[in-house]
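For reference, the structure discussed in these notes is given below.
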Amino acid sequence: MRGDKATIDHAGFIPNNPLPLTTSMTKGSASSDAVPAADIETNFKPTDLRGILKYIPRFRNQIFVISLDGAVIADDNLANLLLDIAVLRSLMIKVVLVHGISAQLTELAETRNVVISNSDGTGVTDGPTLDLAVRASSRVSHLILEGLTQSGLKCAITNAVRALPIGVIKGEDRQFTGKVDRIDKDTLQHLFAADIVPIIQPIGFAPDGSTLRINSDLLAVKVAAELGATKVIYLSQREGLNIDGVFRRDIAVEELATVLEKSPETINDDVRSKAEHAVSGAKSGIPRVHLIDGRIYDGLLNEVFSSDGVGTLIYGNDYQQIRSATRSDTRFVHSLIRSAIEREELLHRDLSAIEDDIESFFVFEIDENIVACISLHVYPDRPETAEIGSLCVMPFHHRRGIGRKMVEFATLQAKAKGATQLVALSTQSTTFFSRSCGFALADETDLPSSRRSQAQSNGRNAKVLVKSLD
Ligand SMILES: CC(C)(COP(=O)(O)OP(=O)(O)OC[C@H]1O[C@@H](n2cnc3c(N)ncnc32)[C@H](O)[C@@H]1OP(=O)(O)O)[C@@H](O)C(=O)NCCC(=O)NCCS
């Protein structure tokens, strides 16, 4: 669901004077080993534009903190990335850029034959390392300024990060390594108001004006938490999160926190620090953290504007993604369940029937996209019994626990309404209800008489399943 750069430009999304296509339209780089270089063909379709348009009211004025690893800044894809950031700005999304410098610092140290004490701002930063870090940082910021200027965006490097020395940890003096003391929110808000993209270096200033090196992963979540950002997007050289060698497209923060606590070694070590910061960020109220490969052409926009994305989405609390449906969700709910209706998995319901009943629906969203729904009705003639229906999970998201979570959530809602028994009618998913959700096969006679005659007359011959809520 992405358009190529030129065509979006034709549609008028990009501010004047977009970045010229001097870099290749390929992904991969000299330093790349994870992603094979491959030409990416993108053909923009009108449906892509419609797909993006629906996000405009949702994302307008939200804040995204985009954190770019130094290695991503050194990659050929940087020009495309900065152009994607211009697209986000043109959709009225407020963007803050935080950048790393590890790759540049290491390179500078090699060129100058200096032994550095640490490259990523987590260990000891001695005097010579700090000196090189400041140089690497101004070079990286300058590259970003250049790119954003070519994209017609106003931007500014700030001193909005006040830092304090980390001090001595386990007997080791971390010297010029800093932690975030305070983020100057006012300055950043002023920049937003003036339509300026703030660029934040991994360098902070202590109250006495001295300079300290800060890890950029940490900085990104601190800035996001302070600003009440909706997303932190980490762009690195890795596709996202692998746990035990299995790539995860999305993961609840609670699950990630458990893995980090009990078996951190199962997470690929090059994103473990980002995973840790994602968990602490979620605890401070950031709803979503994305880990994506910054070298993928179109990757950033794909991650933001498609439900599947290209990387890993780490999302906040379990039921946070479930909400009551509203009238404006009718079309999405209808298109979600339409194919299940065609396969006779669900009872036929047309658009107007769904619209009339939309208040009985709950929907599950991943990154603003509805991927599952369920309805709940309390029988008017038997208020101690409620029925769940129209349970449907988008096939791409099957077998990730969403169906069960929807049933659990509906169960809580039914209990809250005073029901002591939950009913489900199913033609093809009886095992799901019985094995995975604690329902037992029952008999039509367990239904209230009005519901029984309705079930008998529709010819579906659905099985009746019942669960006690006591
Ligand atoms: C049935 C449906 C809602 C399951 O959603 P889901 O998100 O894939 O299910 P979950 O990931 O929560 O699965 C939980 C468990 O149920 C099992 N399961 C999932 N779908 C199943 C099915 N159709 N039959 C039997 N078991 C199933 C899973 O393997 C998993 O078991 P595990 O915990 O042992 O690993 C989904 O397949 C769907 O939308 N089907 C089409 C519509 C439909 O039939 N709706 C139900 C009628 S109201």
Side-chain angles (χ1 to χ4, degrees), residues 243-244 246-252 254-255 258-259 307-308 313 315 317-323 325 329 332-350 353-354 357-358 360-367 369-379 385-414 419 421-442 444 446-447 451-452 454-456 458-467 469:
I243 299 180
D244 256 339
V246 178
F247 177 66
R248 297 295 298 263
R249 273 226 177 276
D250 49 63
I251 183 167
E254 292 86 352
E255 185 187 345
T258 308
V259 176
S307 62
D308 311 336
L313 169 68
Y315 55 87
N317 100 46
D318 254 18
Y319 295 122
Q320 187 173 292
Q321 291 165 292
I322 304 177
R323 61 166 175 84
D329 297 321
F332 297 104
V333 170
H334 180 247
S335 62
L336 178 64
I337 67 177
R338 201 169 37 202
S339 41
I341 291 172
E342 280 160 14
R343 292 191 302 271
E344 294 185 17
E345 290 165 332
L346 292 179
L347 177 66
H348 178 76
R349 311 186 85 178
D350 61 19
I354 294 169
D357 192 29
I358 196 73
S360 313
F361 277 83
F362 298 98
V363 291
F364 187 104
E365 282 184 323
I366 292 185
D367 219 23
N369 288 287
I370 293 175
V371 301
C373 64
I374 192 167
S375 68
L376 178 71
H377 294 96
V378 176
Y379 294 134
T385 306
E387 180 181 326
I388 52 172
S390 300
L391 170 63
C392 191
V393 178
M394 198 183 269
F396 180 85
H397 296 278
H398 277 179
R399 311 275 163 153
R400 298 186 195 183
I402 297 176
R404 182 160 41 200
K405 205 176 282 181
M406 293 299 276
V407 173
E408 283 167 7
F409 183 81
T411 304
L412 293 173
Q413 296 293 316
Q421 190 184 47
L422 197 57
V423 168
L425 271 74
S426 175
T427 50
Q428 294 167 42
S429 302
T430 48
T431 332
F432 165 76
F433 286 109
S434 57
R435 281 226 197 111
S436 303
C437 303
F439 283 74
L441 270 174
E444 273 187 359
D446 288 305
L447 297 173
R451 182 67 180 99
R452 196 183 321 146
Q454 199 188 5
Q456 281 164 348
N458 67 23
R460 294 181 77 233
N461 205 14
K463 299 244 182 334
V464 178
L465 295 116
V466 172
K467 178 181 178 171
L469 305 184

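All ligand and atom numbering here is 1-based and tracks the order in the structure. Every value quoted in this text rests on a predicted model; they were computed, and no experiment measured them. Nothing fancy with the numbering, it's 1 onward along the sequence.
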Is the closest protein non-hydrogen atom to atom 48 (S) of ligand 1 under 4.0 Å? yes

Test item: protein heavy atom less than 4.0 Å from atom 2 (C) of ligand 1: no

For atom 11 (O) of ligand 1, find the nearest protein heavy atom and state the residue, atom name and distance (0.1 Å precision). Gly401 N, 2.7 Å

Non-hydrogen atoms of Gly389 versus ligand 1: any pair closer than 4.0 Å? no

Could you check whether atom CG of Asp350 has more than 12 heavy atoms from other residues, nucleotides or ligands sitting under 6.0 Å from it? yes

Among Leu336, Ile341, Leu391, closest by heavy atom to atom 42 (C) of ligand 1 is Leu391

Heavy atoms from other residues, nucleotides or ligands near NZ of Lys463 exceed 12 (cutoff 6.0 Å): no

Is it the case that over 12 heavy atoms from other parts of the model lie below 6.0 angstrom from the CZ atom of Arg343? yes

When distances are taken from atom 7 (O) of ligand 1, the protein heavy atom at minimum range is Gly403 N, 2.7 Å

Closest heavy-atom approach to atom 40 (N) of ligand 1 among Arg404, His398, Arg399 is made by His398

Below 4.0 Å from ligand 1: does a non-hydrogen atom of Cys392 turn up there or not? yes

Considering distance alone, does some N or O of Ser429 sit under 3.5 Å from an N or O of ligand 1? yes

Ligand 1 to Leu346, heavy atom cutoff 4.0 Å, flagged ligand atoms 45 (N), 47 (C), 48 (S)

